[in-house]
Amino acid sequence: MKKQPILSIHSIKTRRSSSFCLAVDSLELYAGTKLCITGPNGSGKSTLLEHIVGLLPYQSGEIRVCGLVVEQNMYATRSNIGFIPDDENWFVGELCAREYFALLQSIYAKAGRTVSDAYITTLANTVLFSAFSIPLRQLSHGNKKKVQIIAALMHKPPLIVIDELRNGLDPLAIIQAESLLQKEASRGACIVAASHDLWWTERIADEVLFLRNGSVLLHKTKQAILATYGSVEDAFLKKLGGSA
């Protein structure tokens with residue numbers, strides 16, 4: 001029996017201006033797979049991520065998470081996704097981290113996902129976060145990012161979506177966060193990460209997808225890219241003509 005993909009995208013199309021149209025014909029990702037999406041500024045990376053997590057509607061096509069069509073099963077789908085945005089305002093700034101995590105615990109409990117205080121503490125210790133009592137709006141950019149990481153992973157979602165993981169984190173926190181991602185993939189989570197960092201992409205990814213102006217220029221396994229081009233950077237330069 002064929003396994004069900006964690007994430008499947010079929011014939012997605014979104015036109016945001018006369019000069020930009022995001023189009024992804026087909027993409028299926030299974031448990032434990034780490035996909036990195038990269039491309040020039042304005043290529044559609046964040047737009048694609050926002051479609052996947054249900055923040056931005058698409059004009060045609062279909063996205064499924066764990067077999068559920070995203071826009072038709074928004075509540076159930078959201079409980080299957082952990083999202084780490086590249087936006088430090090992704091929470092209620094008046095709450096402290098402890099209150100924010102408690103709010104998320106109650107939301108996930110209604111969806112049938114129990115999140116223990118002990119696991120939140122474990123995640124916080126891993127990413128070196130301890131500012132539980134400070135209002136979120138007063139936290140540094142790096143500590144806000146750590147809160148987002150904890151919030152995204154606390155319910156052990158099948159799909160983890162990340163926009164620029166490393167932005168704002170100090171070197172130790174980067175190492176710890178990357179270690180967490182590897183553990184999440186090992187337990188069977190599917191990870192979709194957008195990044196401009198080609199070195200990080202080559203180090204982390206199982207599969208790589210290049211976007212330019214909304215179009216998929218390349219989607220291959222990392223090993224296939226290395227065998228053909230020698231490195232992700234060389235593949236990027238050859239496929240995108242050195243544009244950045």
**Side chain Lys222, main chain Ala205, donor-acceptor under 3.5 Å** = yes
**Message:** Can you see whether Asp206 engages Gln223 through a side-chain donor-acceptor pair at a distance of less than 3.5 angstrom?
**Reply:** no
**Asked** Would you say the side chains of Asn73 and Arg78 form a donor-acceptor pair under 3.5 Å?
**Response** no
**Prompt:** By ring pair (Phe, Tyr, Trp, His ring centres under 6.0 Å), which residues pair with Phe20, not counting sequence neighbours?
**Reply:** none
**Prompt:** Do any N or O atoms from the side chain of Ser179 and from the backbone of Ile175 form a donor-acceptor pair under 3.5 angstrom?
**Reply:** no
**Message:** Is any side-chain heavy atom of Phe83 closer than 4.5 Å to one of Ile160?
**Reply:** no
**Request:** Starting from the C-alpha separation in whole Å, work towards a yes-or-no answer on side chain to side chain contact (heavy atoms under 4.5 Å, CB included) for Leu35 and His219.
**Result:** CA-CA 9 Å; Leu35 171 72; His219 176 211; 4.0 Å; yes
**Asked** Does the side chain of Leu123 come within less than 4.5 Å of Leu180's, by heavy atoms?
**Response** yes
**Prompt:** Checking Glu88 side chain against Lys144 main chain: does a donor-acceptor pair fall under 3.5 Å?
**Reply:** no
**Asked** Do Tyr58 and Glu71 meet the criterion of a side-chain donor-acceptor pair at a distance under 3.5 Å?
**Response** yes
**Asked** In Å, rounded to the nearest 0.5 Å, how long is the span from CD1 of Ile81 to CE of Met74?
**Response** 8.5 Å
**Asked** How long is the gap from CD on Glu94 to CD on Gln138, to the nearest 0.5 Å?
**Response** 10.5 Å
**Asked** Is it true that a side-chain atom of Ser43 and a backbone atom of Gly214 form a donor plus acceptor pair closer than 3.5 Å?
**Response** no
**Prompt:** Does the Ser79 side chain pair with the main chain of Ala76, one donor and one acceptor, at a distance under 3.5 Å?
**Reply:** yes
**Request:** With rounding to the nearest 0.5 Å, note down the distance linking OG1 in Thr121 to CZ in Phe101.
**Result:** 9.5 Å
**Message:** Checking side-chain contact (heavy atoms from CB on, under 4.5 Å) between Leu56 and each of Thr47, Leu22, Leu48, which is the one that passes?
**Reply:** Thr47
**Message:** Nearest 0.5 Å, please: how far is CD1 in Ile107 from OH in Tyr75?
**Reply:** 7.0 Å
**Prompt:** Judged by modelled atom types alone, do Glu62 and His10 share a side-chain donor-acceptor pair under 3.5 Å?
**Reply:** no
**Request:** May I ask you to decide whether Asp197 forms a salt bridge with Arg166, counting only side-chain N to carboxylate O separations under 4.0 Å?
**Result:** yes
**Message:** Listing request: all ring pair (Phe, Tyr, Trp, His ring centres under 6.0 Å) pairs with a residue in residues 149-197, at least two apart in sequence or in separate chains.
**Reply:** Tyr108-His155
**Message:** Just verifying a value: how many Å separate Ile52 CD1 and Leu7 CG, rounded to the nearest 0.5 Å?
**Reply:** 5.0 Å
**More than 12 heavy atoms from other groups under 6.0 Å of CD on Glu233** = no
**Message:** Please determine whether side-chain hydrogen bond (donor to acceptor under 3.5 Å, both in side chains) holds for the pair Gln148 and Asp87, giving the CA-CA distance in whole Å, both sets of side-chain angles, and the decisive distance to 0.1 Å.
**Reply:** CA-CA 9 Å; Gln148 291 171 335; Asp87 179 355; 5.8 Å; no
**Prompt:** Can you name the one residue among Phe210, Trp200, Trp199 that meets side-chain contact (heavy atoms from CB on, under 4.5 Å) with Val232?
**Reply:** Phe210
**Request:** Begin from the C-alpha positions of Val92 and Leu136 and carry the test side chain to side chain contact (heavy atoms under 4.5 Å, CB included) through to its verdict.
**Result:** CA-CA 7 Å; Val92 182; Leu136 295 175; 5.7 Å; no
**Item:** Sub-4.5 Å side-chain heavy-atom contact between Ile37 and Val192
**Value:** yes
**Message:** So, taking the atom named CD1 in Ile225 and the one named NZ in Lys238, what distance separates them when rounded to the nearest 0.5 Å?
**Reply:** 12.5 Å
**Request:** Taking only Lys NZ, Arg NE, NH1 and NH2, and the carboxylate oxygens of Asp or Glu, determine whether Lys146 and Asp170 approach each other closer than 4.0 Å.
**Result:** yes
**Request:** Could you tell me whether the side chain of Lys45 reaches within less than 4.5 Å of the side chain of Leu49, counting heavy atoms only?
**Result:** no
**Message:** Under a 3.5 Å threshold, yes or no: a donor from one side chain and an acceptor from the other, between Ser46 and Asp163?
**Reply:** yes
**Asked** Less than 4.5 Å apart, any side-chain heavy atom of Ser195 and any of Thr201?
**Response** yes
**Prompt:** Does NZ or CZ of Lys220 lie under 6.0 Å from the centre of the six-membered ring of Tyr229, at an angle within 45° of the ring axis?
**Reply:** no
